[in-house]
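Down below is the structure, laid out as structure tokens.
Throughout, protein chains are lettered first and strands after them, A, B, ... in sequence-line order, and every chain is numbered starting at 1.
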Protein chains: 2
Amino acid sequence: MAEVTLKDVARASGCSVATVSRVLAGTRPVGAETARTVREAATRLGYRPNHVARALRRRATGTVGLVLPQITNPFFPALVRELEHALHAAGRALLLADCDDDPATEAARIAEFLDRQVDALVLIPVDERLSREAVAEAARRVPVVLLDRGCGPGVADSVAVDNAAGMALVLDHLAAAGRCRPWFVGAAGTTSTAAERRAAYEAGAAALDPQAPGRVELGDFSVAWGREAVDRIWPSRPDAIVCANDLIAVGALQRLRQLGADVPAEVAVTGFDDVPFAGLADPALTTVRQPVGELAAEAARLLGERSGDRAPGVGPSRTVRLTPELLVRASG
Amino acid sequence: MAEVTLKDVARASGCSVATVSRVLAGTRPVGAETARTVREAATRLGYRPNHVARALRRRATGTVGLVLPQITNPFFPALVRELEHALHAAGRALLLADCDDDPATEAARIAEFLDRQVDALVLIPVDERLSREAVAEAARRVPVVLLDRGCGPGVADSVAVDNAAGMALVLDHLAAAGRCRPWFVGAAGTTSTAAERRAAYEAGAAALDPQAPGRVELGDFSVAWGREAVDRIWPSRPDAIVCANDLIAVGALQRLRQLGADVPAEVAVTGFDDVPFAGLADPALTTVRQPVGELAAEAARLLGERSGDRAPGVGPSRTVRLTPELLVRASG
DNA sequence: GGCCTTTCGGAGAACGATTTCCCACGCTCT
DNA sequence: AGAGCGTGGGAAATCGTTCTCCGAAAGGCC
């Protein structure tokens, strides 16, 4: 009933724990007959290796910690799901921490995971600057991959979508549709995604139409801000509203509808991320789909490559950018 | 640079590892002067206890596994978040597994978590019947709490919203508004929530209006099904569509809008769960808000109470039902 | 036949913390 | 003064694996 240990299997099969360990782990060739006896005894007793003891000895827990800003951000669940699958496929388990969008809590959770001897960390940093110190410290101790958001150059390996390419897809699409008075509604926050999407918009919009710089309004990544931003910019009648993410875009759509604007005839609205309800909005939101599965797989792969290393900090940090895809739906 | 162990602290402070352990863990009174020296050495060296070694000796990892059907189900992220917070407050870490709505995968993940020596499990079972065996087996080995969904009587402790009460709130509200030709759009699936909400609707609707039994349409918990169900039932012009969850309700709203129906003047639509985009639908969805924070806190509390026990399976299993709240919004 | 090389298996030392004994010392009580 | 007791501290067992030595037996080569 209680726990069956290697010792029990050894006793039952009449050999030493060393031999049993070798048979079950396959670390060294063992005589065919002995191996059979051992395996038979192990299955008969229902032996299950104790991961804790193994972790102590091997100095590896087979565990990866994920610290993210807010699991309730609708973009993250799919990412978590894919990451969990990718890690599971590599035989590793996922410890999850939600840090409530607070850099101090984030640092504390990272430290706790390190205390728990995670083999590696996947981090979606709360803030590009405020998270940097904690991330760098963590990267000195275990392999770290930054996911979706960056944290300054050279701090750790990083996997994210190519925000510039995504924004370019949006602008090209709008240009092809003859929209020439776009407005950007973004986030003032100091996450890398906010900054990159804004910079990409400005670069692209300037190339598109040198007359219309500065048609940019910054708030945060929320539905409420999308509504408010429309109140501010609608009087100047843009023919397209490019939003930095889908939450903003959904808010914008809501308010435009309330104001009686015709989307997309009068004004196009685009989002970014393709969160689950982007396709449910009315009209369905044109947006940039992130390759979530690939992002997660890439993060797991980078982790796997680093995990052989002795010292985690060695070698240049790698940055992977994956190309997104434009989903043209009814809103533009 | 490398790992500082108890032995290092012992050497630095000139006493034995036993004493250091006692000072740091506070398990036995130690001389004031010695304690000071030890503590000073520990902080000076930056000692951090090794959780793996501790877990091996104490036979407790301080870890709780959560296995859920699909993290992408929009109701779950908030629940996960609250659960993570509650467990963290109790000093425990959360291992997450997403089983893709598949009972076989679910059983496998549960077994893997047991192999990893989790102290307890929180399970959101995929299916009331098909998950039962794996859940019962797990409950024999560690404390288990079923969250949100049940798994037959007496299998394990369980925490969920009172679905019957929630449905009663909806029906009372509709009755008060004079709606007397409701229709129910539910899920045929074999989860406890699907069955309970359907049963509660039937009980309440029969009491409300004995003329209208059987006005029930069953599919699954999805937006697509909500759309399809409306196509089937709209010809008979119900004055209310009671949906078993918000996904269905959002689909129903979409299709009703496409059909030119006036919500709520012509027909009311209600949901269940209050997922994030329920308030974003147009018109905003009247729904039943689940007390997510309390559900998670209660689950953590039950786990804490069981965790003292030697044998997990002892004692009658407890079922906690929390009362939901009706959120009246524009859709009805 | 002696020597060298494989091959197979066991004994036992880690891994780092907790915890059970056990001893030494100092005090009190008779 | 000797017995008894409480207190502070150390030595070592323990948790369940993995892995490094070591030794024994067997086979090949000259």
Residues [X] and [Y] bridged, charged N to O under 4.0 Å:
X: B:Arg132; Y: B:Glu128; value: no
X: A:Glu112; Y: A:Arg116; value: no
X: A:Glu3; Y: B:Arg141; value: yes
X: B:Arg81; Y: B:Glu84; value: no
X: A:Arg140; Y: A:Glu137; value: yes
X: B:Glu298; Y: B:Arg321; value: no

B:Arg58 (side chain) and C:dA17 (base): donor-acceptor pair under 3.5 Å: no
Donor/acceptor link under 3.5 angstrom from A:Arg57 side chain onto base of D:dT17: no
Closest-nucleotide ordering on DNA chain D, the 5'-leading residue of A:Leu56 and B:Gly14: B:Gly14
Rounded to the nearest angstrom, tell me the gap between atom [atom1] in [X] and atom [atom2] in [N].
X: A:Lys7; N: D:dT18; atom1: NZ; atom2: C1'; result: 15 Å
X: B:Arg59; N: D:dT17; atom1: CZ; atom2: C1'; result: 13 Å
X: B:Gln117; N: D:dT17; atom1: CD; atom2: C1'; result: 12 Å
X: B:Asp8; N: C:dC15; atom1: CG; atom2: C1'; result: 13 Å
X: A:Arg48; N: D:dC15; atom1: CZ; atom2: P; result: 21 Å

B:Arg28 side-chain N/O to C:dT18 phosphate OP1/OP2 under 4.0 Å: no
Presence of A:Arg54 side-chain N/O under 4.0 Å of D:dT18 phosphate oxygens OP1/OP2: yes
Listed nucleotide nearest any side-chain atom of B:Leu6, set C:dG9, C:dT18, D:dT17: C:dT18
Close approaches to DNA chain D from residues 16-26 of chain B, in residue order (heavy atom, under 4.0 Å): B:Ser16, B:Ala18, B:Thr19, B:Arg22
Close residues, residues 33-46 of chain A, relative to DNA chain D [heavy-atom separation under 4.0 Å]: none
Short side-chain to backbone donor-acceptor contact, B:Asp119 and B:Val64, under 3.5 Å: no
A:Arg318 backbone acceptor or donor facing A:Asp157 side chain under 3.5 Å: yes
B:Arg129 atom CZ, over 12 foreign heavy atoms within 6.0 Å: no
